K.L.:
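Take this structure, written in structure tokens, and hold onto it; I'll ask about it next.
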There are 2 protein chains.
Amino acid sequence: MEGNKIRNMEEFASVSGISRPTLSKYFNDPTSVRDSTRKRIEAAVEQYDYRPNLYAMNQNRRLTKNIGIVVPYLADPFFAEIARTLENHVLRTGYRPVLLGSHGRPELEIENLENLRLIKPAGVLLAPLGRVSEREQIEAFCKEVPTVLFDANIDGVGHAFVGSNNGQSIGLIVDYLCRTGEPPAFFEMETPTNPNAYKRRTAYLAAMERLDHKPRLIQAPGEGWEFEEIGFREGSRLLRDKTLPTDTILCSNDRLAIGFLSAAYEAGLRVGLGPGCALRVAGHDDHPFSRYTCPTLTTVSQDYEAIAKKSAEALLELIEAGSPGDSREETLFEGRLIMRGSA
Amino acid sequence: MEGNKIRNMEEFASVSGISRPTLSKYFNDPTSVRDSTRKRIEAAVEQYDYRPNLYAMNQNRRLTKNIGIVVPYLADPFFAEIARTLENHVLRTGYRPVLLGSHGRPELEIENLENLRLIKPAGVLLAPLGRVSEREQIEAFCKEVPTVLFDANIDGVGHAFVGSNNGQSIGLIVDYLCRTGEPPAFFEMETPTNPNAYKRRTAYLAAMERLDHKPRLIQAPGEGWEFEEIGFREGSRLLRDKTLPTDTILCSNDRLAIGFLSAAYEAGLRVGLGPGCALRVAGHDDHPFSRYTCPTLTTVSQDYEAIAKKSAEALLELIEAGSPGDSREETLFEGRLIMRGSA
DNA sequence: GAGTAAATTTTACGCGCGTAAATATTTAAA
DNA sequence: TTTAAATATTTACGCGCGTAAAATTTACTC
């Protein structure tokens with residue numbers, strides 16, 4: 001403790017014996033100064049516990065070291081998990097992640113982007129809600145800020161997209177289900193909030209056609225992000241009315257499946273593969289909780305780690321390239337079949 | 001579109017016909033200017049799409065309009081949900097929430113607080129990890145920034161605490177379980193990460209003593225935040241070895257219970273109340289997923305909404321009072337019994 | 001209409017740092 | 001040792017806004 005604290009970089013320069021411009025350079029990029037000076041600075045930082053004023057620093061910089069991470073819904077464990085992974089990757093590269101959730105509301109998503117613009121981020125990782133209505137505003141944002149979309153694609157928007165190959169992953173699980181039992185019906189929301197849902201529906205239809213089976217869509221009414229509730233409600237209704245066209249249900253995502261499984265349990269139906277099982281249920285995403293459902297959920301995993309890694313890398317390339325460039329790279333990771341108890 | 005954009009408040013002052021100091025006042029508190037001027041400013045803001053530079057604004061203010069929200073683990077739906085609720089409350093009061101998760105790591109928690117200090121927040125809502133080791137640093141932080149602790153208390157640290165009354169809530173469910181069947185054993189982690197866990201253990205012991213029953217603690221080994229996994233692993237072991245001292249298990253939290261339920265299902269045991277049920281399982285928290293377990297989980301709800309509301313209100317009072325004051329208010333909300341299928 | 005309090009404008013300075021340009025010093029290669 | 005290149009220092013200005021003080025205008029009361 002040196003008693004009185006350093007109030008600004010000027011003071012820190014005099015006590016540390018290093019000129020202010022050099023300090024300024026150091027704080028914006030520690031590698032930009034000579035090794036020996038860096039060590040002197042770091043020692044002085046330690047000794048005097050000095051941190052430059054973030055606001056004064058960023059005021060005159062065109063860009064900051066902030067990277068925005070925007071997800072549609074933070075209380076959805078899927079997004080929470082991917083956000084967590086992204087944060088780690090961003091931190092490791094020396095940037096500061098700024099996490100924003102849109103609470104499922106398109107207007108909040110736009111507000112989040114506007115707030116992000118105010119903090120002049122170096123770049124943004126955006127998993128859009130997917131409502132078409134806001135396309136223009138997101139597009140405008142992407143023209144000003146290097147942005148990588150992940151999870152949900154909006155054609156032509158943003159400088160890159162990283163996500164899952166829904167065609168491949170749905171094909172995989174449809175194949176598996178057809179190979180091991182009755183062809184699946186596809187259980188989804190009537191008006192999905194997410195563009196992946198449409199891709200998965202299309203992929204299901206294509207897969208069923210390829211295998212010469214009649215596709216059957218089951219569309220649950222309901223809005224919002226309470227997917228488990230929607231899956232449970234519609235599942236209960238279907239099981240009560242006994243209107244299921246097949247004994248095998250492929251859900252558009254794990255959260256719907258979790259609700260459906262719960263409905264099946266309440267209805268006293270045994271779900272799974274073996275004899276004595278009345279129903280097979282499969283999901284998609286490898287949701288953090290799919291390991292603990294009853295029975296455990298057969299699903300297709302999305303490679304969280306790979307998606308997060310690639311998104312962060314793509315954004316960093318973009319940032320370091322300086323100019324946006326007009327190529328738009330789309331990276332799709334393949335799903336992996338996760339065989340568990342439910343199908 | 002007025003073509004060329006306004007670059008700073010000076011320009012905005014000239015085009016809007018309002019002096020810069022008045023504009024400055026307005027942007028720091030819209031209610032501090034006369035109604036008629038406010039309307040003129042708002043019209044001009046709309047017309048010219050001007051936003052003041054956030055960094056320049058905050059550079060000279062002692063405090064900003066930022067409110068930090070720090071939770072131990074964002075991928076835990078319990079914290080995600082409470083963070084979401086808090087964000088909404090903060091937004092409604094005109095402040096900007098800054099959400100930070102500590103990923104379960106004490107050093108990240110401290111880093112989060114340090115980063116928060118750099119942005120000079122008006123106040124902070126902190127749900128501490130609860131490791132005793134970092135107490136001093138958190139205490140030091142609280143001395144500089146108005147801070148309200150929530151969820152987990154650290155005695156004497158922070159200017160207020162808002163949480164659940166574990167004594168009452170555990171008492172409630174122990175009463176219920178004893179009244180409707182065998183007295184429960186208490187299933188918890190050997191070395192809990194959270195101080196609430198200790199409170200709940202103590203509350204369990206007290207409740208059992210009060211009811212003249214012999215308490216039985218079952219302590220699962222394991223570290224980290226994978227509570228479901230820990231509950232599942234230890235649950236499986238207990239059920240395999242048939243070493244359970246009773247047919248009724250009260251879990252220290254819902255996530256452990258979710259794992260335990262999964263283990264019971266895998267072991268082929270029927271969980272619930274009725275005849276033919278081998279086991280009763282109860283939890284604590286009313287976790288977002290406890291509604292969809294199989295069977296649905298009997299638990300004690302924490303009043304998320306009330307905790308979030310009170311925390312935000314307490315912090316705002318603190319901020320508006322100006323001086324910290326040395327009183328420290330502790331608010332505990334009572335749990336509500338949520339009777340579902342599992343017990 | 002005078003009188004008064006509240007709000008606004010004018011003027012002016014400061015905040016903490018980015019950064020440019022010229023100069024000086026250090027480092028490493030020749 | 002000489003020399004050139006890399007790095008650091010000195011000096012100086014600007015960024016966009018906060019904010020204080022004095023002068024002026026506005027709104028409201030009697």
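Below, read A as the first sequence line, B as the second, and so on, with proteins coming before strands; counting in each chain starts at 1. Remember, predicted model here, so these are calculated numbers, not experimental data.
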K.L.:
For a quick check, tell me whether the side chain of B/Gln59 and the base of D/dG16 share a donor-acceptor pair closer than 3.5 Å.
P.N.:
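Side chain to base: pair present.
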
K.L.:
Write down the distance between CD (A/Glu11) and P (C/dC17), rounded to a whole number of angstrom.
P.N.:
10 Å

K.L.:
Rounded to the nearest angstrom, tell me the gap between atom CZ in A/Arg7 and atom P in C/dC15.
P.N.:
9 Å

K.L.:
Heavy atoms only, 4.0 Å cut-off, all strands: where does A/Asn58 land among base, sugar-phosphate and nothing?
P.N.:
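It contacts nothing in the nucleic acid.
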
K.L.:
Kindly say whether, by distance alone, the side chain of A/Asn60 makes a donor-acceptor pair under 3.5 Å with the base of C/dC17?
P.N.:
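Per atom types, the contact qualifies.
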
K.L.:
Whether B/Glu42 and B/Arg40 form a salt bridge (side-chain N of Lys/Arg under 4.0 Å from carboxylate O of Asp/Glu) is what I want to check.
P.N.:
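B/Glu42 and B/Arg40: not salt-bridged.
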
K.L.:
For the pair made of CG in B/Asn28 and P in C/dT8, what is the distance, rounded to whole Å?
P.N.:
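Going from B/Asn28 (CG) to C/dT8 (P), I get 14 Å.
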
K.L.:
Are the ring centres of A/Tyr73 and A/Phe78 closer than 6.0 Å?
P.N.:
no

K.L.:
Tell me: NZ of B/Lys25 to C1' of C/dT9, nearest whole Å?
P.N.:
12 Å

K.L.:
Rounded to the nearest 0.5 Å, what separation is found between the CD1 atom of B/Ile18 and the NZ atom of B/Lys25?
P.N.:
13.0 Å

K.L.:
Reckon A/Pro21 touches a base, only the sugar-phosphate, or nothing at all at heavy-atom distances under 4.0 Å?
P.N.:
base

K.L.:
Can you tell me if the side-chain N/O atoms of B/Arg34 get under 4.0 Å from OP1 or OP2 in D/dT25?
P.N.:
no

K.L.:
Which atom names give the shortest non-hydrogen contact between A/Asn112 and A/Gly101, and what distance separates them?
P.N.:
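Closest pair (atom of A/Asn112, atom of A/Gly101, distance): ND2-O, 3.1 Å.
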
K.L.:
Can you see if the side chain of B/Ser24 gets near the phosphate of D/dG18 - specifically, an N or O under 4.0 Å from OP1 or OP2?
P.N.:
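The answer is yes; a side-chain N or O of B/Ser24 sits under 4.0 Å from OP1 or OP2.
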
K.L.:
Whole Å only: how far is the CZ atom of A/Arg38 from the C1' atom of C/dT26?
P.N.:
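Atom-to-atom, A/Arg38 to C/dT26, this comes out as 17 Å.
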
K.L.:
Under 4.0 Å from OP1 or OP2 of D/dT9: is there any side-chain N or O of A/Thr22 that close?
P.N.:
yes

K.L.:
Whole Å only: how far is the NZ atom of A/Lys5 from the P atom of C/dG16?
P.N.:
14 Å

K.L.:
Between D/dG16 atom P and B/Phe27 atom CZ, what is the distance in whole Å?
P.N.:
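Distance, rounded to whole Å: 15 Å.
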
K.L.:
Of the candidate nucleotides D/dT10, C/dG16, D/dC17, which contains the atom at the shortest distance from the side chain of A/Ser19?
P.N.:
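Minimum distance to the A/Ser19 side chain belongs to D/dT10.
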
K.L.:
If you pin A/Arg20 and A/Val33 to their nearest nucleotides in DNA chain D, which one's is more 5'?
P.N.:
A/Val33

K.L.:
Over all heavy atoms of both residues, which pair between B/Leu74 and A/Ala80 is shortest? Give the atoms and the distance, please.
P.N.:
O-CB, 3.7 Å

K.L.:
Using only side-chain N and O atoms of B/Asn53, determine if any of them is under 4.0 Å from OP1 or OP2 of D/dG16.
P.N.:
no

K.L.:
Does A/Tyr50 make a side-chain N or O approach to OP1 or OP2 of C/dC17 shorter than 4.0 Å?
P.N.:
yes

K.L.:
Kindly say whether, by distance alone, the side chain of B/Glu10 makes a donor-acceptor pair under 3.5 Å with the base of D/dG16?
P.N.:
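A donor-acceptor contact between them is absent.
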
K.L.:
Do the two ring centres, one from A/Tyr50 and one from A/Phe12, sit under 6.0 Å apart?
P.N.:
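Yes, the ring of A/Tyr50 comes within the 6.0 Å limit of the ring of A/Phe12, centre to centre.
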
K.L.:
How close or far is atom C1' of C/dG14 from atom CZ of B/Arg62, stated in whole angstroms?
P.N.:
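To the nearest whole Å, that distance equals 18 Å.
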
K.L.:
Given C/dG18, D/dT9, D/dG18, identify the nucleotide with an atom nearest to the side chain of B/Met57.
P.N.:
D/dG18

